[in-house]
Amino acid sequence: MTQREAAYPVLPMFLDRWSPRAFARKPIGEETLKTVVEAARWAPSSMNYQPWRFVYALNGDAHWEAFLAALVPGNQLWAANASALIFVVSDTILEAYGKRGPSHSHSFDSGAAWMAMALQAHSMGLITHGMTGVDFDAAAKAVNLPEDFRVEAAIALGYQGDATDLPEPLRAREVPSDRRPISKTLFAGAFPG
């Protein structure tokens with residue numbers, strides 16, 4: 001089933017999962033959504049602090065329009081059909097061992113949680129599309145962002161739709177992309193000079 005080819009052996013789920021834009025306008029059950037988010041709870045994090053928070057709106061609920069409006073217009077075109085929109089938010093302050101201070105790893109840890117969610121969703125026949133094409137001020141307002149938290153990204157979650165329903169310029173891009181060769185991502189010791 002895998003169409004892409006890895007340079008070195010990896011689990012097929014890494015090659016099979018991709019980020020479509022064609023969503024079927026179909027509701028998602030709250031239990032399904034909670035299962036996807038549960039996977040994030042098991043992601044690794046610095047001192048097991050788990051700085052991530054996932055704030056969501058289901059398509060058609062009271063928060064949907066504000067969440068959708070916080071995406072850049074190009075993302076709104078296709079994300080409008082997703083079952084849920086989720087903002088990944090991270091706590092920029094680490095509280096551990098009775099001390100409170102800036103967290104160096106909040107974004108890194110939240111990225112690990114997002115990947116766990118993406119793989120869980122994929123295993124359930126759902127699709128995800130993470131994006132930073134977001135008006136971050138509007139997103140912060142939409143989620144009533146607490147002080148010391150940061151909006152990292154948005155995620156569209158739902159069911160695979162038909163690429164022909166996408167606007168013309170996006171149809172041709174509705175295929176899994178190949179990644180850069182390993183020589184562009186792996187360096188021994190240091191970046192080449």
Side-chain angles (χ1 to χ4, degrees), residues 1-59 67 71 75 78-90 105-134 151-166 170-188:
M1 178 155 219
T2 300
Q3 297 172 12
R4 297 184 286 182
E5 197 171 304
Y8 296 93
V10 296
L11 295 171
M13 67 180 157
F14 292 108
L15 300 174
D16 292 339
R17 193 217 65 82
W18 61 292
S19 300
R21 290 178 181 84
F23 283 85
R25 188 158 259 209
K26 179 179 173 183
I28 191 169
E30 202 157 325
E31 289 299 311
T32 300
L33 175 64
K34 287 179 180 178
T35 297
V36 170
V37 175
E38 174 71 8
R41 186 166 73 102
W42 299 98
S45 65
S46 177
M47 292 192 250
N48 198 30
Y49 185 61
Q50 302 175 13
W52 53 79
R53 306 294 184 274
F54 299 100
V55 187
Y56 72 92
L58 297 175
N59 197 328
F67 276 52
L71 303 180
N75 287 342
W78 55 266
N81 288 331
S83 304
L85 289 175
I86 304 166
F87 286 112
V88 181
V89 175
S90 66
S105 64
H106 66 95
S107 293
F108 182 77
D109 294 345
S110 297
W114 140 243
M115 185 63 176
M117 282 179 57
L119 292 174
Q120 178 65 40
H122 175 72
S123 77
M124 298 168 66
L126 297 164
I127 62 171
T128 55
H129 191 113
M131 62 197 114
T132 57
V134 175
V151 176
E152 298 287 345
I155 303 165
L157 170 71
Y159 298 91
Q160 181 76 52
D162 190 334
T164 61
D165 293 335
L166 290 170
L170 295 178
R171 289 180 196 168
R173 294 173 53 196
E174 193 64 4
V175 294
S177 65
D178 288 328
R179 298 295 177 212
R180 292 182 180 166
I182 191 130
S183 62
K184 300 257 186 193
T185 59
L186 181 65
F187 302 101

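Residues Ser123 and Met13 form no side-chain contact, since every pair of their non-hydrogen atoms from C-beta on lies 4.5 Å or further apart. Phe108 has its side chain out of reach of Ser46: every pair of non-hydrogen atoms, C-beta onward, lies at least 4.5 Å apart. In this structure, Asp165 and Phe23 have side chains that are not in contact, with every pair of non-hydrogen atoms separated by 4.5 Å or more. Annotation: side chain of Thr128 is not in contact with side chain of Met117 (no heavy-atom distance under 4.5 Å). Leu33 is listed as a side-chain neighbour of Leu58, based on a closest heavy-atom distance under 4.5 Å. For the pair Glu152 and His106, the minimum side-chain heavy-atom distance is below 4.5 Å. Looking at Ile86 and Phe67, their side chains never come closer than 4.5 Å, going by heavy atoms from C-beta outward. Using a 4.5 Å cut-off on side-chain heavy atoms (C-beta onward), Phe54 and Tyr56 make no contact.
In this structure a side-chain-to-backbone donor-acceptor pair under 3.5 Å is missing from Arg53 to Val89. Distance alone, capped at 3.5 Å, places no donor-acceptor pair between the Arg17 side chain and the Gln120 backbone. Judged by distance alone, the side chain of Asn59 and the main-chain N or O of Pro27 form no donor-acceptor pair under 3.5 Å. Between the Asp109 side chain and the Pro51 main chain, no donor and acceptor come within less than 3.5 Å of each other. Distance alone, capped at 3.5 Å, is enough to place a donor-acceptor pair between the Ser83 side chain and the Lys26 backbone.
Classification of Arg171 and Glu174 as a salt-bridged pair fails, no side-chain N sitting under 4.0 Å from a carboxylate O.
The distance from the OH atom of Tyr159 to the CD1 atom of Ile127 is 11.0 Å, given to the nearest 0.5 Å. Arg21 contributes atom CZ, which lies 6.0 Å from atom CG of Leu170 (distance to the nearest 0.5 angstrom). For the atom pair NE2 (His129) and CD1 (Ile155), the distance works out to 11.0 Å, reported to the nearest 0.5 Å.
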Val36 vs Ile28, side-chain contact (heavy atoms from CB on, under 4.5 Å): CA-CA, chis, key distance, verdict: CA-CA 11 Å; Val36 170; Ile28 191 169; 5.6 Å; no

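Judged by distance alone, the side chains of Ser45 and Gln50 never bring a donor and an acceptor atom under 3.5 Å apart.
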